[in-house]
Each structure stands twice: as C-alpha cells, then as structure tokens.
Amino acid sequence: MMTDASGTNTPQAEATNPRHLAPTGDLSIFEAGEFKEALVKLMANEGLVSLDLSNVDRVDTAAIQLMLSARKQARMLVMGIPQDLQDKLKQLGFTGELSE
C-alpha cells in the first residue's frame, strides 16, 4: 500500500492530494481490507479521482474485484496499469477499461 514518512505501509490517499491514491507493493487478499478502506476514502471525494498502479508489484482477484467495484462510479482514472494486471483482466474475460 502507500508508504508514509515513517517507512511503514498505509492505505491512505496522499496527504497533498486526497483525490489520488498510489498503492505500492502487493494488492492481494491480505491487503484487501486496507485497500478497500483506501478506495472508499478516495471515492468519498467529489469529482474525478485517480489511482496510480505503477508501483504495485502483484495484484490478485480480490484487489481486481475492489477496483472494478470502484470503477462503477464512473469517475476514476486508473494509470500505470502493470502488464501483469492487464493479462489477468484478459484471462478473467474483462475486456473493458479500468478507467472511466
């Protein structure tokens, strides 16, 4: 998830921009609760929000499900999608974009 100044992982949106979330490391079933909380907080903001996945190492179907659920609000820009995640989405039969 996000790394704060102390070097620990935290799921919170960046303090300088509450409409942007840039998780790091793995997004798996083990981080799903934290990731969900971070997405809920992100989506509580008005207007367009962004999710940067460029520093994510591994994504499993639990995190994919959370991202697709957040996508339903049709106001999330997803950038930096790793090739591994794009491949998994295709394997799952998802052909649409993560971003709206």
Side-chain angles (χ1 to χ4, degrees):
M1 300 304 292
M2 293 283 304
T3 302
D4 66 14
S6 68
T8 60
N9 290 335
T10 176
Q12 299 175 3
E14 293 180 29
T16 58
N17 187 352
R19 293 184 182 176
H20 180 75
L21 180 64
T24 59
D26 292 346
L27 291 178
S28 68
I29 189 68
F30 302 108
E31 296 82 23
E34 293 176 45
F35 185 48
K36 178 183 176 186
E37 288 177 26
L39 284 172
V40 167
K41 185 175 179 179
L42 179 69
M43 299 308 283
N45 292 287
E46 295 292 325
L48 185 66
V49 296
S50 61
L51 176 63
D52 182 357
L53 300 174
S54 59
N55 292 315
V56 172
D57 297 325
R58 190 174 65 89
V59 178
D60 73 2
T61 54
I64 290 171
Q65 181 180 6
L66 290 170
M67 286 185 275
L68 293 176
S69 179
R71 176 187 176 270
K72 290 180 181 181
Q73 292 192 25
R75 55 186 189 86
M76 183 172 70
L77 172 66
V78 182
M79 60 192 102
I81 302 172
Q83 185 62 47
D84 180 50
L85 175 54
Q86 292 176 12
D87 294 343
K88 285 181 182 176
L89 289 169
K90 287 180 187 175
Q91 288 174 349
L92 293 169
F94 184 75
T95 57
E97 297 289 325
L98 267 179
S99 289
E100 284 300 316

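By convention here, the first residue in the shown sequence is residue 1. Quick caveat: nothing in here was measured; it's all calculated off a predicted structure.
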Steps toward side chain to side chain contact (heavy atoms under 4.5 Å, CB included) verdict (His20, Met79): CA-CA 11 Å; His20 180 75; Met79 60 192 102; 4.3 Å; yes
For Leu92, which residues count as a side-chain contact (heavy atoms from CB on, under 4.5 Å) partner, sequence neighbours excluded?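 Residues passing side-chain contact (heavy atoms from CB on, under 4.5 Å) with Leu92: Thr61, Ile64.
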Identify, with sequence neighbours excluded, every residue that meets side-chain contact (heavy atoms from CB on, under 4.5 Å) alongside Gln86.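 Here the qualifying residues are Ile81, Gln83.
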Residues which pass side-chain hydrogen bond (donor to acceptor under 3.5 Å, both in side chains) with Gln91, listed by chain and number, not counting sequence neighbours: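 side-chain hydrogen bond (donor to acceptor under 3.5 Å, both in side chains) list for Gln91, sorted by chain: empty.
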Taking only residues two or more places apart in sequence or in another chain, which ones pass side-chain hydrogen bond (donor to acceptor under 3.5 Å, both in side chains) with Ser28?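 With sequence neighbours excluded, Ser28 shows a side-chain hydrogen bond (donor to acceptor under 3.5 Å, both in side chains) to Glu31, given in chain and number order.
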Show me the pairs that pass salt bridge (Lys or Arg N to Asp or Glu O under 4.0 Å) and involve residues 43-60, at least two apart or across chains.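 Matches after skipping sequence neighbours: Asp26-Arg58.
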Sub-4.5 Å side-chain heavy-atom contact between [X] and [Y]:
X	Y	result
Arg75	Arg19	no
Leu27	Leu85	no
Phe94	Lys88	no

Hydrophobic cluster mates of Phe30, side-chain heavy atoms under 4.5 angstrom, ILVMFWY only, any path?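 Members alongside Phe30: Ile29.
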Can you name the closest pair of heavy atoms from Ala70 and Met76 and give their distance?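 Scanning both residues, the minimum pair turns out to be CB-CE, 3.9 Å.
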So which heavy atom on Pro23 is nearest to which on Leu51, and how close?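 It is CD-CD1, 3.7 Å.
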Atom pair OG/CG of Ser69 and Leu39 - distance to nearest 0.5 Å: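 One gets 8.5 Å once the value is rounded to the nearest 0.5 Å.
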Tell me if a side-chain donor or acceptor on Asn45 pairs with a main-chain N or O of Pro18 at a distance below 3.5 Å.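 Checked: pair present.
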Pair Val59-Met67, side chain to side chain contact (heavy atoms under 4.5 Å, CB included): steps then yes or no: CA-CA 11 Å; Val59 178; Met67 286 185 275; 3.9 Å; yes
Test Leu21 against Phe35 for side chain to side chain contact (heavy atoms under 4.5 Å, CB included), laying out the working first. CA-CA 10 Å; Leu21 180 64; Phe35 185 48; 4.2 Å; yes
